[in-house]
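Just so it is clear: chains get the letters A, B, ... in the order the sequence lines come, proteins before strands, and each one is counted from 1.
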Number of protein chains: 2
Amino acid sequence: MAERIVEPQELSRSANELLVMAALDRGAGHGYQLALDVEERSGGAFRFNHGTLYPILHRLEERGLVAGSWSDNSSGGRRRKSYALTEEGEKHLVAEREAWREFFRRFWPMVEEER
Amino acid sequence: MAERIVEPQELSRSANELLVMAALDRGAGHGYQLALDVEERSGGAFRFNHGTLYPILHRLEERGLVAGSWSDNSSGGRRRKSYALTEEGEKHLVAEREAWREFFRRFWPMVEEER
DNA sequence: CTCTTTATATCGACTGTCGATATAATAAGA
DNA sequence: TCTTATTATATCGACAGTCGATATAAAGAG
């Protein structure tokens, strides 16, 4: 544990995926709602471009970290694809949080003002 | 102050540039040495690919944040281009540090485990 | 006199985001 | 009823930045 650190070059991908996975962990359902959730919860600080969000969800699904399922729209209602973390996704989320903590623990002393 | 936050999509660029600027602030001179400095100081956690580092230095120079000067090699010695933060670069470094602090302050509650 | 190290630089491939656009169903309003 | 706004998923080309490889060259070591 706490071995691998997030490398700067993968920070963007990692941060966005973590935001998505954490939102799903909180119970967010489909993509569009997830985007609203993140925006609202962050007070507008974090916003997902749809052209960014959907590829992320597809990527995570392909890697088996989230499972998507189309809602049954026989009783009317818009088509939606709901996502949930898989068991592997839960583990990955824990590991990614730890990787970020570790990254920051290492990164900050490197850029902090000299005393 | 403390208004703008670092957006996830610019994290990679921002982190690498911050590592470079902070290293120059500590007094590192030319590119190759800067790379060794960062690697050593981080205990190997952060390493600069040369194909990444030199474009960063050129970028920062073009933006007027660092000033580069070729060493006078009339008295022998390898050709080196030494870099130093400009006054604007110093200000930018302070602002970037603050932006990162702010990013993390906002990011962490978004991804932290629910209690 | 050859090999390694120091040093800067660029190149093509690749990944991921951005903003725009497409599609379509439902709800709201005139 | 017709039209517009909202909800919702998806893809596209352009762009930026990193990666690993390669080029170049001077200095020091063997």
Distance below 4.0 Å between A:Asn16 side-chain N/O and C:dG16 OP1 or OP2: no

Can you figure out which of D:dA10, C:dG16, C:dT8 approaches the side chain of A:Trp70 most closely? D:dA10

Distances for protein N/O vs nucleotides 11-16 of chain D N/O pairs under 3.5 angstrom?
none

Could you tell me how far apart B:Leu36 (CG) and C:dT8 (P) are, to the nearest whole angstrom? 10 Å

Phosphate contact (C:dA7 OP1 or OP2) by B:Arg80 side-chain N/O below 4.0 Å: yes

Kindly write out the residues that satisfy side chain to side chain donor-acceptor pair (under 3.5 Å) with B:Arg47, not counting sequence neighbours, or none if the list is empty. none

Whole angstroms only, please: what is the OH-P distance between A:Tyr83 and D:dA8? 14 Å

Listed partners of A:Gln9 passing side chain to side chain donor-acceptor pair (under 3.5 Å), at least two apart: none

note: B:Leu53, atom CG; C:dT8, atom C1'; distance rounded to Å ~ 10 Å

So do the side chains of B:Phe46 and B:Glu39 get within less than 4.5 Å of each other, counting heavy atoms only? no

Without decimals, in angstroms, what is the distance between A:Glu62 CD and D:dA10 P? 13 Å

Per atom distances to the B:Lys81 side chain, the nearest of C:dC18, C:dA9, C:dA7 is C:dA9

Check every atom of D:dT9, C:dA7, C:dG16 against the side chain of A:Arg59 and return the nucleotide holding the closest atom. C:dG16

Atom CG of A:Leu57 to atom P of D:dA8: distance rounded to whole Å? 14 Å

Euclidean distance, atom NE2 of residue A:His30 to atom P of D:dT6 [Å, nearest integer]: 16 Å

Partner set under side-chain contact (heavy atoms from CB on, under 4.5 Å) for A:Arg105, not counting sequence neighbours: A:Glu102

Taking only distance into account, with no hydrogens and no angle test, what donor-acceptor pairs under 3.5 Å do side-chain atoms of residues 22-36 of chain A form with protein atoms, sequence neighbours excluded?
residue: A:Arg26; atom: NH1; partner: B:Met110; partner atom: O; Å: 2.9

Rounded to whole Å, CD of B:Glu39 lies from P of C:dT5 at a distance of 14 Å

If you check every side-chain atom of A:Gln9, which of C:dT8, D:dT18, C:dT17 has the closest atom? D:dT18

Kindly state whether the ring of B:Phe107 and the ring of A:Trp100 have centres lying under 6.0 angstrom apart. yes

Taking only residues two or more places apart in sequence or in another chain, which ones pass ring pair (Phe, Tyr, Trp, His ring centres under 6.0 Å) with A:Tyr83? none

Whole-Å distance separating the OH atom of B:Tyr32 from the P atom of D:dA26: 17 Å

